[in-house]
Amino acid sequence: MRAIGVHRDVIVVESRVWRTTATVVRSGTEAFLIDSPVFPDELELLPGLLEQAGFPFSGLLATHADWDHLLGRLAFPRSALGVAETTAARLRGHPGEAQRALRDFDERHYLTRPAPLALGSVEALPVPGYCGLGDEELQLQAADGHSVDGMAIWIPWAKVLVCGDYLSPIEIPTPGASIDAYLATLARLEPLVATAEFVVPGHGSPLERPAAKALLREDRAYLEALRAGRARAGELPAGRRDAEQRRLHAANVARLSAAVAP
Ligand SMILES: [Zn+2]
């Protein structure tokens, strides 16, 4: 697991699997953990890492309900979990889904964990809206399209955007819920990206503004081509063209043709 400081109040850790990111943000005597690393040893290290860095842990947030972002409670078992209203609804509508996906992953990789995942008290946050942290406020923006739910989190005093599964430098867009919603999310994120010092994607390293802006243009072009039936595996964005990205692209095409079939 890698830890990178992108601001005096913001640390990003990157899991060894899928380079899933978790972000710790501090204001005054409070700090939130946004999303989570995946492996048991990485989760176990988090409380010590926060303490050493002087980030007094106070709560959990998750950008969306995909299971690999929801594991914060394994590191901080008594903490409340704040999510967008859309994510709270998805969790309510599919109880046990995250736990089943986690169990499946753990069985496939022969992993054991000290305790099962219990999401505990899930707090639904109004999005768009604000969420207080210490002396400051986080700004919440709807971010759906990859999944049916989710939010991006803007940290105004650090100019850091934690965007969930968008703008990944290592993964092509996966519009699991809707291409149009995904494009609308990119349009909502665009003005934030334009003023961000760093953009933290759900997978891959934090991006400085010029790289994030370029990625947003690439992702929009890919999605528009996908929607028009013009996206080709051989023309995937440079750096995101390997076998796994081609597999994700094939799944995007298959999902789209399933959606338009009678
Ligand atoms: Zn993800």
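FYI, side chains are in, hydrogens and waters are out, and symmetry mates aren't considered; it's all heavy atoms of this structure. Counting starts at 1 for both ligands and their atoms, following the listed order.
The backbone N or O of Ile170 sits less than 3.5 Å from a side-chain atom of Gln245, completing a donor-acceptor pair. Side-chain atoms of Asp66 do not come within 3.5 Å of backbone N or O of Asp68 as any donor-acceptor pair. With Arg90 contributing its side chain and His64 its backbone, the two residues share no donor-acceptor pair below 3.5 Å.
Within the coordination shell of the Zn ion (ligand 1), defined by N, O or S atoms under 2.8 Å, His203 is present. Among the atoms of Asp165, an N, O or S atom is found under 2.8 Å from the Zn ion (ligand 1). The Zn ion (ligand 1) has no N, O or S atom of His64 under 2.8 Å away, backbone or side chain.
With 3.5 Å as the limit, one finds no donor-acceptor pair spanning the side chains of Thr86 and Asp149.
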